There are 2 protein chains.
Amino acid sequence: MTRQKTEIRQEQIKQAVLDIIFTEGLKNLSTRNLAKHIGMSEGSIFRHFETKQDIILSIIQDVQDEFIGALRTIANANRDPEVRLNEFLCETVHYLIANKGITMLLFSEASHNNDETLKKNLQVIFSSQKMLISKIFIDGIAAGKWDESINVSNLAMIYMGIPISINIDLVLSSNEFSSENFCSNMMQLLLKILKR
Amino acid sequence: MTRQKTEIRQEQIKQAVLDIIFTEGLKNLSTRNLAKHIGMSEGSIFRHFETKQDIILSIIQDVQDEFIGALRTIANANRDPEVRLNEFLCETVHYLIANKGITMLLFSEASHNNDETLKKNLQVIFSSQKMLISKIFIDGIAAGKWDESINVSNLAMIYMGIPISINIDLVLSSNEFSSENFCSNMMQLLLKILKR
DNA sequence: AATAAATAAGTAATCACTCACTTAAATTAA
DNA sequence: TTAATTTAAGTGAGTGATTACTTATTTATT
């Protein structure tokens with residue numbers, strides 16, 4: 001195989017991991033199969049990542065940087081809470097659909113290994129989302145737009161169910177998920193809860 | 001080990017599977033570890049189940065018989081939809097907490113193996129719940145109690161997010177989940193969506 | 001020449017599962 | 001009731017396949 005910089009190979013390896021998980025399942029994510037998938041030797045993989053676990057952790061780090069980073073920007077923007085809520089939800093839906101392998105990876109790894117480092121990382125991803133969406137709710141309530149009797153923590157939990165339900169759908173049914181009206185439909189229901 | 005009927009051993013094996021999955025993760029669910037956990041020889045396991053996969057499938061069958069069965073009884077009862085909704089939600093919460101290993105099993109197996117039989121079974125479990133909760137919504141709307149402009153399918157999806165969120169919480173944080181007020185808190189939010 | 005990347009051929013460990021055999025319990029026959 | 005026979009449950013040492021990972025060596029780039 002032609003020589004490439006380790007950074008390029010790392011990206012290739014991570015992408016191949018996601019591909020395999022989504023198409024063949026985590027069970028088939030062996031270093032042998034991974035190497036075959038990329039077209040490189042098995043030994044090369046360990047030149048670019050020390051362990052297989054490190055590949056997973058690197059992907060989880062990407063999710064935190066890219067996805068959670070984007071959500072943070074949306075949540076902290078100085079704009080109408082309803083607009084932010086809508087963008088937050090849509091960004092989530094689009095990311096999950098565009099990166100189908102990632103959610104399966106997160107689900108699987110949490111339950112497959114009982115690794116504490118991994119679980120901690122996943123908990124950060126979930127609690128970050130909860131925290132950020134709560135901030136939007138609180139801002140809207142503080143601005144007098146939304147019902148102040150709403151329990152923000154409970155509503156955040158309901159909200160978190162939405163992306164997770166999408167994931168289950170993506171995992172179990174291989175058919176296309178229609179994201180077109182999904183965002184606005186969910187927004188309608190959320191806004192009804194938030195209405196004073 | 002003292003001799004026991006295969007039915008008794010099958011139950012022991014299934015319970016040990018759930019224990020291991022919850023405490024040690026799916027990765028440690030080897031037939032060797034399973035045998036050690038029960039205190040029997042590895043060979044004995046295969047006296048009572050033909051394959052390891054058969055153990056998993058038997059557990060999934062139990063979920064369909066016990067859990068979905070109970071939900072069906074609640075959903076189809078001839079009672080006030082609000083009462084049924086409340087019972088449906090509480091039954092779900094209690095079952096998930098009482099059988100922590102099961103949800104991790106369902107999550108894991110769907111994404112770990114990419115087995116079609118398994119996925120089909122899980123899809124039945126999820127879609128059954130959706131169908132039954134939808135029936136309760138529809139009954140309440142038909143009775144004129146709830147908002148007829150509500151999109152039942154979308155609300156069912158939001159509802160399904162609740163038990164799944166509980167699972168994520170159970171998997172990621174080992175601390176106790178407080179089910180006490182959870183039911184009534186979630187009911188409040190759902191009823192606000194349903195209100196005319 | 002020096003360095004980084006790729007490889008083939010290993011490694012020990014673990015996997016689900018099998019096998020030949022033992023033994024306890026249930027069934028039948030005397 | 002007792003003795004003979006059948007059946008079901010349990011065992012421990014194996015099976016080949018696969019796992020993540022290593023190492024010695026070769027190859028390409030600067």
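The structure presented is a predicted model; accordingly, all values stated were derived computationally and were not measured. Each chain gets a letter, A, B and so on, in the order the sequences are listed, and its residues count up from 1.
Summarising the geometry, the separation between CZ on Phe46(A) and C1' on dA5(C) is reported as 16 Å, rounded to the nearest angstrom. Atom CD1 of Ile8(A) is separated from atom C1' of dA6(C) by 15 Å (rounded to the nearest Å). The CG-C1' distance, from Asn33(B) to dC15(C), rounds to 12 Å in whole Å. Spacing between atom CZ of Arg32(A) and atom C1' of dT14(C) amounts to 13 Å, rounded to whole angstrom units. Separating the CZ atom of Arg47(B) from the C1' atom of dA20(C) is a distance of 10 Å, rounded to the nearest angstrom. Distance CD1 (Ile38(B)) to P (dA9(D)): 15 Å, rounded to an integer number of Å. Computed from coordinates, the Ile55(A) CD1 to dT19(D) C1' distance equals 14 Å when rounded to whole Å. Counting to the nearest Å, the C1' atom of dA8(D) and the NZ atom of Lys5(B) are 8 Å from each other.
Distances shorter than 4.0 Å separate some side-chain N or O of Thr31(A) from OP1 or OP2 on dA20(D). Contact annotation: Ser30(A) side-chain N/O to dT19(D) OP1/OP2 distance is under 4.0 Å.
When heavy atoms are screened at a 4.0 angstrom cut-off, Glu42(A) is found touching base atoms of the nucleic acid. Backbone-only contact: Arg9(A) has heavy atoms under 4.0 Å from sugar-phosphate atoms and none from a base. At the heavy-atom level, Ser44(A) lies under 4.0 Å from base atoms of the strands shown.
A donor-acceptor pair is defined here as one N or O able to donate and one able to accept, closer than 3.5 Å; no such pair exists between the side chain of Lys145(B) and the backbone of Gly140(B). Under the 3.5 Å distance criterion, the side-chain polar atoms of Asn33(A) are matched with a main-chain donor or acceptor of Asn28(A). Between the side chain of Arg84(A) and the main chain of Ile74(A), no donor-acceptor pair closer than 3.5 Å is present.
Projected onto DNA chain D by closest heavy-atom contact, Gln53(A) and Met1(B) fall at different nucleotides, the more 5' of which corresponds to Met1(B). Comparing Thr6(A) and Thr51(B), the nucleotide of DNA chain C nearest to each residue sits closer to the 5' end for Thr6(A).
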Tell me, with the steps shown, if Lys195(A) and Asp147(A) meet side-chain contact (heavy atoms from CB on, under 4.5 Å). CA-CA 6 Å; Lys195(A) 211 173 68 182; Asp147(A) 184 359; over 6 Å; no
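Listed nucleotides dA16(C), dA9(D), dT19(D) differ in distance to His48(B); the shortest reach to its side chain belongs to dA9(D). Which of dC21(D), dC17(C), dA24(C) sits closest to the side chain of Arg3(B) comes down to dA24(C).
Across Leu29(A), Ile13(A), Val17(A), a single residue satisfies side-chain contact (heavy atoms from CB on, under 4.5 Å) together with Lys52(A), and that is Leu29(A).
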